[in-house]
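What follows is one structure encoded as structure tokens, with my remarks underneath.
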Amino acid sequence: MLLSQLFTKTRKEALKDEVAKNAQLLIRAGFIHKEMAGVYAYLPLGLRVLSKIENIIREELNSVGGQEMLMTALQKKELWEKTNRWDDKVVDDWFKTTLKNGTELRLAFTHEEPLTNIMTNFVSSYKDLPIYAYQFQTKFRNELRAKSGIMRGREFLMKDLYDFSRSKEEHEKFYEKMKEVYMTIFKRLGIGDQTYLTMSSGGSFSKYSFEFQTITDAGEDTILYDEKTGVAVNKDDDSEDIFADFGIDRSSLDLKEARSVEVGDIYSLGEKYSKALGLTYKNEDGKEQYVYMGSYGLGLGRLMGTIVEALSDEKGIVWPGSVAPFTYHLLCLSKESRIKNQADKIYDQLRGKNIEVLYDDRDVSVGVKFADADLIGIPKQMIVSEKTLEKGTEAIEIKNRKDGTTTQGNVGDIEL
RNA sequence: CGGGGCAUGGUGUAACGGCUAACAUUCUCGGUUUGGGACCGAGCGAUUCCGAGUUCGAAUCUCGGUGCCCCGACCA
């Protein structure tokens, strides 16, 4: 893509109202637009990143049998009354609305009820299970206080997967598998090194649950973690007991404390929803059984914000290659036509190889080009200039955004 | 939901209760420049968040509203 045709522009200064580093940088670089507190639009660059995050998650979930679907944002009363969650005293952060005929509706903040209900149409035998269904969907939460840029919004994209298993054992096997799947996802997203599977006190249906916490100062949580073993616990739930319950000797660990962001969580739901909504199957003996469930969430915006928080530097964003909006940021450092022509050719060559490249073809000073490239944060900057042209018509210089190191090369050598 | 703070061109800031609301940047035009947000000149752009009040006179003081930010609580 030609940078001259991208409708967004970079800003030198952050907006006064935006304090969170992730939102400051993402707005300055033109990835997102703030619509109102806790509500952000994703602009072309931002959407590219979001889509890459989404695709990585999709690949990993599909690899363990996940089936993608898309549920509705509007939710009806009936199902939620059955699980006793319609009352404001139980769930107080719903956005509410009504049909013209007066029917009360609400905007989805999660999807256990509708999905469990859908499954009653299709599940009747043990042969139908297990099922792993997921979606990427906008969730709405009427937070009393939105904060931290795109890390905690009132409207945000979330991946939620639900497992429908025949038994607690079958569910737990999948639950364990999901721990690995999540860690693989975080590794691919470039935040694997600083993300810990963290023990915490349970949700409503089990004594304990697990969160995935990524270490960054921007976090809302505090965890205690041991670098060597990778064991971590939410500070709120730290006790000898919780370690003992997992068969770990707390005193053998070298626990450090750090602020962290909860980037994902996985829950056992048990039979709560299947009982309330009548989701059963017949086992091998023809006996009716309740389906055993679990839920697994990941906030896409929160992941994107966490990546920015964890990896950016004073010059701007530093994307991992896996989620960068483009693979290369091509900079032509001269207006001279022979050099410009060369850069144009190189741009065409890369596109011919289906390599994603953002080409800064603008007539602006070198300093502006470098500053923008550093701010936007594409990991590899490809430079064409008088210097490189002296070395040959295909010569280029690749500058690493992360550490500033450069290597010389030829376009012809570049592969996907 | 408790507490604190802020609101002035697109953006960031300034202005004692008193002249035509200032400066920087962005943007437009012209010139110069091209390996780190370069320079010179000219120009466009604001009923100072909204509403009331005090006053001869309000960006400035008072009250109400709205929005935004931060701390806490909350957070499947």
Side-chain angles (χ1 to χ4, degrees), chain A residues 8-20 23-24 27-30 33-39 80 83 85 88-94 108-113 115 139-149 151-154 156 158-162 200-206 209-211 218 220-221 234 236 261-262 264-270 272-273 293-299 302 314-316 331-337 339-340 360 362-376 381 383-390 396-397 399 404 406:
Chain A
T8 56
K9 291 176 186 168
T10 59
R11 288 177 185 283
K12 252 184 186 171
E13 291 168 302
L15 301 187
K16 175 184 53 168
D17 283 344
E18 204 64 78
V19 175
Q24 278 194 353
I27 290 172
R28 282 185 54 210
H33 165 80
K34 180 180 193 165
E35 190 65 29
M36 62 183 97
V39 180
W80 298 79
T83 58
R85 291 216 288 180
D88 285 350
K89 283 175 211 134
V90 182
V91 178
D92 63 358
D93 60 356
W94 274 17
F109 75 98
T110 187
H111 282 87
E112 284 85 0
E113 280 82 348
L115 184 55
K139 298 281 194 269
F140 300 91
R141 292 190 188 175
N142 202 346
E143 297 275 359
L144 287 166
R145 181 183 165 207
K147 57 185 275 196
S148 309
M151 310 279 279
R152 182 168 167 178
R154 297 197 167 98
F156 56 96
M158 182 174 182
K159 180 284 296 176
D160 44 332
L161 181 145
Y162 304 87
S200 72
S201 59
S204 320
F205 317 104
S206 53
S209 68
F210 285 94
E211 304 161 348
E220 295 183 32
D221 290 317
N234 195 310
D236 293 340
V261 176
E262 185 179 347
D265 46 37
I266 56 180
Y267 290 92
S268 290
L269 301 176
K272 165 165 176 158
Y273 296 95
M293 294 171 52
S295 79
Y296 311 79
L298 279 178
R302 182 173 284 196
E314 61 294 330
K315 286 181 182 169
L331 304 174
C332 175
L333 297 192
S334 173
K335 210 160 71 171
E336 247 184 273
S337 59
I339 298 166
K340 182 83 167 41
D360 192 345
R362 298 173 302 169
D363 179 17
V364 294
S365 75
V366 175
V368 171
K369 286 186 181 179
F370 275 122
D372 280 350
D374 288 344
L375 178 60
I376 290 170
Q381 299 173 1
I383 296 163
V384 177
S385 69
E386 187 146 16
K387 269 203 270 180
T388 59
L389 192 55
E390 281 168 11
I396 45 150
E397 180 179 306
K399 186 172 174 191
T406 60

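Below, chain A is the first sequence line, B the second, and so on; all start at residue 1.
Proximity note for A/Asp17 (side chain, C-beta onward) versus B/C69, B/U34, B/G10: the nearest is B/C69. Nearest nucleotide to the side chain of A/Lys335, out of B/G12, B/A38, B/U34: B/U34. With distances taken from any side-chain atom of A/Asp363 to the nucleotides B/G72, B/G35, B/U34, the minimum falls on B/U34. Nearest nucleotide to the side chain of A/Thr10, out of B/G35, B/G37, B/C70: B/G37. Checking B/C70, B/G37, B/U13 against every side-chain atom of A/Lys16, the shortest atom distance belongs to B/U13. Side-chain atoms of A/Arg28 lie closest to B/G37 of the nucleotides B/C70, B/G35, B/G37. Listed nucleotides: B/G37, B/G10, B/G72. Nearest to the side chain of A/Arg11: B/G10. Comparing B/G37, B/C70, B/C75 by their nearest atom to the side chain of A/Arg141 picks out B/C75. The listed nucleotides are B/U11, B/G37, B/U34; the one nearest the side chain of A/Val368 is B/G37.
Within the 4.0 angstrom heavy-atom criterion, base atoms lie near A/Asp372.
The partner of B/G17 cannot be assigned: no Watson-Crick or G-U wobble pair with both contacts below 3.5 Å exists in any strand. Base pairing of B/G30: its partner is B/C40, meeting the Watson-Crick or G-U wobble criterion (both donor-acceptor distances under 3.5 Å). Using Watson-Crick or G-U wobble geometry with both donor-acceptor distances under 3.5 Å, B/G12 finds its partner in B/C23. Across all strands shown, B/G2 forms a Watson-Crick or G-U wobble pair, both distances under 3.5 Å, with B/C71. Base pairing of B/G57 is not made with any nucleotide, judged by Watson-Crick or G-U wobble geometry with both donor-acceptor distances under 3.5 Å. Nucleotide B/G35 forms a pair with no other nucleotide shown, judged by Watson-Crick or G-U wobble geometry with both contacts under 3.5 Å. Remark: B/A7 base-pairs with B/U66; criterion is Watson-Crick or G-U wobble with both hydrogen-bond distances under 3.5 Å.
Comparing the P positions of B/C39 and B/A22 gives an interatomic distance of 24 Å, to the nearest angstrom.
Put simply, the side chain of A/Lys147 never gets that close to the backbone of A/Arg152: no donor and acceptor are under 3.5 Å apart. Side-chain N or O atoms of A/Tyr162 include one that pairs as donor or acceptor with a backbone N or O of A/His111 at under 3.5 Å. A side-chain donor-acceptor contact under 3.5 Å links A/Lys369 to the backbone of A/Arg362. A side-chain donor-acceptor contact under 3.5 Å links A/Lys159 to the backbone of A/Tyr296.
Interface remark: the A/Glu397 side chain does form a donor-acceptor pair with the B/G35 base, using a distance-only criterion of under 3.5 Å. Not a single donor-acceptor contact under 3.5 angstrom links the side-chain atoms of A/Ser365 to the base of B/G37.
Scanning for side-chain contact (heavy atoms from CB on, under 4.5 Å) contacts around A/Ala146 gives A/Arg154, with sequence neighbours left out.
Each of A/Ser200, A/Ser201, A/Ser268 was checked for a side chain to side chain contact (heavy atoms under 4.5 Å, CB included) with A/Ser209, and the lone residue meeting it is A/Ser200.
Taking 4.0 angstrom as the limit, A/Arg152 places none of its side-chain polar atoms (N or O) nearer than this to OP1 or OP2 of B/C74. Taking side-chain N and O atoms only, A/Lys34 has a distance below 4.0 Å to OP1 or OP2 of B/C69.
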